[in-house]
**Student:** 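After the structure tokens below, expect a handful of questions from me.
The chains referred to below are lettered A, B, ... by the order of the sequence lines, with proteins before strands, and numbering in each begins at 1.
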There are 2 protein chains.
Amino acid sequence: MDPIGFTNHDHAGCIKGTLTQIETHCREAGLQLTPVRRRVLEILLHEHRALGAYDILDKLREEGLGSQPPVAYRALDFLVSHGFVNKIERLNAFVACAHPGEVHDPAFLICRKCDGVAEAQTKSARGQLGSTAKLTGFQIERAVLEAEGICPNCAEGPVV
Amino acid sequence: MDPIGFTNHDHAGCIKGTLTQIETHCREAGLQLTPVRRRVLEILLHEHRALGAYDILDKLREEGLGSQPPVAYRALDFLVSHGFVNKIERLNAFVACAHPGEVHDPAFLICRKCDGVAEAQTKSARGQLGSTAKLTGFQIERAVLEAEGICPNCAEGPVV
DNA sequence: CGAGATGTGTTATATTATAACATATGGCCT
DNA sequence: AGGCCATATGTTATAATATAACACATCTCG
Ligand SMILES: [Zn+2]
Ligand SMILES: [Zn+2]
Ligand SMILES: [Zn+2]
Ligand SMILES: [Zn+2]
């Protein structure tokens, strides 16, 4: 229930823990966490912030891990399809998942000043919309829930 | 609470009613519903379906109302900023608002087979996420709630 | 070895969106 | 009337996001 991202925390541990968790998950599930895929995941884990595919590609290029768009998009496809990374539709950008492996409908709080993204655990999407959907027989397969606003850090010291 | 879009209804009346409502709103608020803007609105009202900016531009072009992207995007900006049209972030496309003028957090049910979009009235976005947001002091300004799945029509006769 | 599956490298192109500047139109002030 | 401002449109060019298509490498399995 507590959204990670805007609060202070042991970020190095946060990165390492999630990475280990995903590595284990991949080993057990027979998924190939190749160097490019792993590096894209690391880049995203490093920030609690959404990065565009081309931002990521720039970093890969600097590191000699790939220079063309498909390299980044393919890695992102892999990470998203296995739930390690989420796409923020509102921003056309990507953010590491805070609860990888678990099945959940993620909800995001997006700060429009610092671009920070926090992932909140919530049952709202399927639950609330679900009841409305059932009335008409609509079958929900995926829910996008993104709230935009001002994060606590940016609210205190008004930047803009 | 009842989502319009997947249910049978008097669509001609639905279009005309909404258009009249918006015309009135514009007159009272001193907004200029110019020919291009009005036509874009009509095009969107005609379908309970999201159309891409370039789909709309194609129609405008056929009708000699404009041929370059900014024409469509500017009309859409106007319509979106005044709440007459909503953008479906998941699809990078636009749909006429079912409750123009009213302040509401719209939620959408998007059919991945027929591309139909229904707008549901719900308090969930701000309400559910709101409580989580308050815990960390996040101030929600705008909420995107989009559910993807199969609409009742497509569920009955599996098209794909 | 040969066939199939998976991942990467690369070129080219599609799709979505905006910047920037020119032109037109109408209201409004002097 | 003339000048001025705000708003809207026309047009060119380009930015930003995303995918198609094909070549090649590697690995596994029979
Ligand atoms: Zn962290
Ligand atoms: Zn912030
Ligand atoms: Zn209708
Ligand atoms: Zn459908």
**Student:** Base, sugar-phosphate or nothing for B/Arg37? Non-hydrogen atoms, less than 4.0 Å.
**Tutor:** sugar-phosphate

**Student:** Does B/Lys87 put a side-chain nitrogen or oxygen below 4.0 Å from OP1 or OP2 of C/dT16?
**Tutor:** no

**Student:** B/Leu57 has an atom CG; how far is it from atom P of D/dT11, in whole Å?
**Tutor:** 12 Å

**Student:** Looking only at heavy atoms, what is the nearest atom pair of B/Cys114 and B/Cys154, with distance?
**Tutor:** CB-SG, 3.6 Å

**Student:** In whole Å, what is the span from the CG atom of B/Leu51 to the P atom of C/dT15?
**Tutor:** 15 Å

**Student:** Quick one: does A/Glu148's side chain have a donor or acceptor within less than 3.5 Å of a partner on B/Arg142's backbone?
**Tutor:** no

**Student:** Determine: side-chain N/O of B/Asn92 to OP1/OP2 of C/dT15, distance under 4.0 Å, yes or no.
**Tutor:** no

**Student:** Charged N to carboxylate O below 4.0 Å: is that the case for A/Asp58 and A/Arg61?
**Tutor:** yes

**Student:** Could you state the CZ-P distance from B/Arg39 to D/dT9, rounded to the nearest angstrom?
**Tutor:** 15 Å

**Student:** So which one's nearest nucleotide on DNA chain D is more toward 5', B/Gly64 or A/Asp77?
**Tutor:** B/Gly64

**Student:** Whole angstrom is fine here: how far is it from CZ in A/Arg61 over to P in C/dG9?
**Tutor:** 13 Å

**Student:** Looking at C/dG7, D/dT17, C/dA17, which one has an atom nearest to any side-chain atom of A/Tyr73?
**Tutor:** D/dT17

**Student:** Is it the case that the side chains of A/His46 and A/His11 hold a donor-acceptor pair, with the cut-off being a distance below 3.5 Å and no angle test?
**Tutor:** no

**Student:** If you pin B/Leu31 and A/Ala53 to their nearest nucleotides in DNA chain D, which one's is more 5'?
**Tutor:** B/Leu31

**Student:** Does OP1 or OP2 of D/dT11 have a side-chain N or O of B/Gln68 closer than 4.0 Å?
**Tutor:** no

**Student:** Hey, could you give me the CD/NZ distance between A/Glu89 and A/Lys87, rounded to the nearest 0.5 Å?
**Tutor:** 5.0 Å

**Student:** Starting at atom CD of B/Glu89, determine the distance to atom C1' of C/dA17, rounded to an integer number of angstrom.
**Tutor:** 13 Å

**Student:** State whether B/Gln32 places a side-chain N or O below 4.0 Å from either non-bridging phosphate oxygen (OP1 or OP2) of D/dA8.
**Tutor:** yes

**Student:** Is there a stack between B/Tyr54 and C/dT15, judged by ring centres under 5.5 Å and planes under 30°?
**Tutor:** no

**Student:** List the atom of A/Ala50, the atom of A/Ile88, and the distance in Å for their closest heavy-atom pair.
**Tutor:** CB-CG1, 4.1 Å

**Student:** Report yes if some heavy atom in the side chain of B/Leu41 is under 4.5 Å from a heavy atom in the side chain of B/Val85; otherwise report no.
**Tutor:** yes

**Student:** Could you state the atom-to-atom distance from CZ of B/Arg90 to P of D/dT17 in whole Å?
**Tutor:** 17 Å

**Student:** Output one letter per nucleotide in nucleotides 23-30 of chain D: B when a protein non-hydrogen atom lies under 4.0 Å from the base, S when only the sugar-phosphate is that close, - when neither is.
**Tutor:** --------

**Student:** Should the pair A/Glu62-A/Lys59 be classified as a salt bridge under the 4.0 Å nitrogen-to-oxygen rule?
**Tutor:** no

**Student:** Quick check for you: among C/dT8, D/dT7, C/dA17, whose closest atom lies nearest to any side-chain atom of A/Thr34?
**Tutor:** C/dT8

**Student:** Quick one: B/Arg74 CZ to D/dG10 P, roughly how many Å, whole number?
**Tutor:** 8 Å

**Student:** For the pair made of CG in A/Leu91 and P in C/dT16, what is the distance, rounded to whole Å?
**Tutor:** 18 Å

